[in-house]
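Input: a single structure, listed below in structure tokens.
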Amino acid sequence: MDQFLFQTTMNVIFSFLPVVLLLTFLFLLDSFNLVRVKTLVFSLLFGAVCAIAGYFLNTWFGKWLAIDYSILSRYVGPVIEELLKALVVLYLISRKKIGFIIDGAIYGFAIGTGFSLFENIYFLFNTPADYNLLKWIIRGFGTAIMHGGCTSFFALLFVGGISRSENKLMAALPALLLAILLHSGFNHFMLNPVLQTLLIVVFLPIVFVLVFKYSSSKLQNWLEIEFNSEIEILNMIHRGEFSETKAGMYLKSLKLQFNPEIILDMYCYIDLYLELSIKAKRNLMLKENEFPIIIEPDIQSKLAELAQIRKQIGKLGELALEPLIRMDYRNLWKLNQLT
Amino acid sequence: MNVKITTLPDYTLISVEGRVDTTTSAGLEKTLMESIDGGCTKIILDCSGINYISSSGLRVFLVIQKKMISIKGHFNLCNLQPGIREIFDISGFSSIFSIFPDKEAAMIG
């Protein structure tokens with residue numbers, strides 16, 4: 001009994017702890033505090049839901065295609081599992097919960113962590129007397145981290161793609177393909193499983209550190225360049241000097257294409273957008289330095305007003321305003337920082 | 001950017017002149033941190049000479065404010081030029097920092 005208890009404890013430790021520790025490590029790397037604990041917990045939970053769905057789908061496909069386990073785990077499983085985990089990332093992106101590569105990678109890793117934790121719980125319950133500690137070490141350090149890593153890579157490539165204003169489908173497909181290939185490659189065990197696990201443990205954190213460093217400097221540049229120019233333009237608007245600027249002249253030139261009410265709406269839109277954008281970036285800076293964010297009492301009504309004006313301007317008006325304000329994915333995400 | 005430090009018994013007066021931007025903010029942060037590490041718990045930052053501040057500069061102010069809160073010290077800003085004051089007001093940073101119209105008020109505050 002003692003031996004069983006000891007062995008089970010060791011199995012639990014080795015299969016759960018590494019991936020949780022790596023997730024904590026990634027969370028701590030988030031110097032801008034972009035990750036929200038609530039969304040992180042959501043990601044973990046839905047990662048587990050994906051594992052449940054994956055289990056049933058894999059079983060069903062295995063029977064339907066009448067293929068053996070090795071084929072299923074190498075070719076079918078990776079497609080199903082990566083697709084399911086990617087759906088959670090896509091959901092988070094559709095809800096504007098991910099803004100940068102950093103938070104995308106962490107949420108992606110959390111989804112993979114949730115997936116592997118459920119998978120390992122399932123294996124623990126189904127093989128209670130499995131005393132092969134090495135197997136659990138490989139599951140914990142290798143398979144679990146692989147699950148987190150694959151979804152993380154999908155998220156960071158996808159976020160990187162849509163940040164460069166790529167078409168969502170064109171951004172998602174190569175990212176998903178890479179995740180599937182990595183997963184499938186791992187399941188092929190072309191290398192010795194111990195060596196494969198060792199490579200993952202050594203290289204994955206290094207890759208994450210490098211990617212996070214790059215993304216942090218991009219975020220810093222984005223803050224620096226936009227924040228200052230936005231304040232400058234807003235100052236000009238408040239001083240009534242906007243029409244003298246190039247942007248103001250451009251807005252004036254639109255009078256030929258749009259009726260005066262729309263031009264007025266465009267002017268209000270720029271004014272309101274700049275104010276909200278500056279405040280959103282202020283909140284990012286506050287979060288970075290662990291200050292509580294400021295939520296102005298009128299922020300919800302201003303966001304509603306912005307949405308209303310955006311509707312009034314219409315798609316054509318928005319297109320005309322693109323040289324001044326581009327409502328791309330990151331700009332929409334940024335406004336989420338206000339609430 | 002030029003920084004002048006005057007150490008007085010009750011506080012340290014730091015006068016900054018020029019631009020506080022990406023290239024100069026690290027130097028300002030180092031100077032301010034050195035003062036704090038040297039035992040200074042009350043810093044008055046005379047901003048009368050600052051003619052431009054970028055988000056990097058604002059972040060240095062946040063870092064110092066955070067440090068001062070942790071050591072129960074004071075970080076008071078004074079003599080902000082109207083353009084700089086407007087940046088604080090527009091961005092909403094005015095509520096985060098203790099801003100005074102002049103040195104005398106900052107000493108009392």
Side-chain angles (χ1 to χ4, degrees), chain A residues 31-34 100 216-242 270-300 302-303 334-335 337-339, chain B residues 1 16 18-30 32-33 36-37 43 45 47 50-77 80-99:
Chain A
S31 58
F32 279 89
N33 295 313
L34 297 170
F100 284 86
S216 277
S217 78
K218 289 275 276 185
L219 204 160
Q220 234 154 34
N221 285 343
W222 173 73
L223 265 180
E224 181 76 16
I225 295 163
E226 276 199 6
F227 189 80
N228 299 330
S229 63
E230 284 174 350
I231 283 191
E232 213 167 295
I233 299 171
L234 197 59
N235 266 333
M236 283 175 170
I237 290 175
H238 290 175
R239 286 199 299 261
E241 295 166 1
F242 182 66
I270 294 170
D271 185 10
L272 195 55
Y273 169 79
L274 290 173
E275 183 195 332
L276 294 174
S277 175
I278 291 163
K279 287 180 174 165
K281 288 182 180 122
R282 170 209 61 204
N283 279 356
L284 264 175
M285 286 191 240
L286 289 175
K287 274 166 86 178
E288 182 194 3
N289 287 289
E290 288 156 10
F291 280 98
I293 60 164
I294 301 170
I295 300 173
E296 280 88 354
D298 59 351
I299 215 76
Q300 285 295 356
K302 283 186 175 171
L303 283 169
K334 175 180 63 188
L335 298 179
Q337 303 301 308
L338 290 163
T339 54
Chain B
M1 185 192 70
V16 185
R19 295 167 66 89
V20 186
D21 55 21
T22 328
T23 45
T24 58
S25 58
L28 179 64
E29 184 177 348
K30 192 169 168 260
L32 290 166
M33 278 298 185
I36 298 168
D37 293 341
I43 291 178
L45 196 76
C47 303
I50 297 179
N51 50 33
Y52 176 85
I53 186 161
S54 75
S55 64
S56 298
L58 286 170
R59 280 150 99 196
V60 170
F61 286 12
L62 280 175
V63 169
I64 300 303
Q65 175 79 332
K66 187 179 154 193
K67 181 83 180 169
M68 284 312 226
I69 289 171
S70 73
I71 60 165
K72 294 190 169 56
H74 298 274
F75 180 53
N76 297 349
L77 309 178
L80 271 74
Q81 285 186 22
I84 304 294
R85 174 76 212 213
E86 210 170 342
I87 291 174
F88 279 78
D89 291 340
I90 284 176
S91 58
F93 276 118
S94 305
S95 61
I96 301 287
F97 298 104
S98 306
I99 301 174

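Order of the sequence lines fixes the chain letters, A, B, ..., with proteins taken first and strands second; residue numbering starts at 1 for each chain.
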Segment of A/Leu223 engaging chain B (4.5 angstrom heavy-atom cut-off): both
Ignoring hydrogens, what is the shortest heavy-atom contact between B/Met33 and B/Val63? Give both atom names and the distance. CE-CG1, 3.6 Å
Rounded to the nearest 0.5 Å, what separates atom OG in B/Ser54 from atom CZ in B/Arg19? 8.0 Å
Listed by number, the residues in residues 273-284 of chain A that come under 4.5 Å of chain B (heavy atom to heavy atom) are A/Ile278, A/Lys279, A/Arg282
Side chain to side chain contact (heavy atoms under 4.5 Å, CB included), that's the test. Do A/Leu234 and A/Asp271 meet it? Break it down for me. CA-CA 7 Å; A/Leu234 197 59; A/Asp271 185 10; 3.1 Å; yes
Out of the candidates B/Ile87, B/Asp89, B/Leu80, B/Leu77, only one should pair with B/Ser94 under the side-chain contact (heavy atoms from CB on, under 4.5 Å) rule; please name it. B/Asp89
Decide side chain to side chain contact (heavy atoms under 4.5 Å, CB included) for B/Ile69 and B/Phe75; before the verdict, give the C-alpha distance in whole Å, the side-chain angles of both, and the deciding distance to 0.1 Å. CA-CA 9 Å; B/Ile69 289 171; B/Phe75 180 53; over 6 Å; no
Largest heavy-atom contact set with chain B, pairs under 4.5 Å, which of A/His238, A/Gln220, A/Glu226, A/Glu232: A/Gln220
Heavy-atom closest pair (B/Ile84 atom, B/Ile50 atom, distance to 0.1 Å) is CG1-O, 3.5 Å
Looking at A/Lys287 and A/Leu34, what are the two nearest heavy atoms and their distance? NZ-O, 4.2 Å
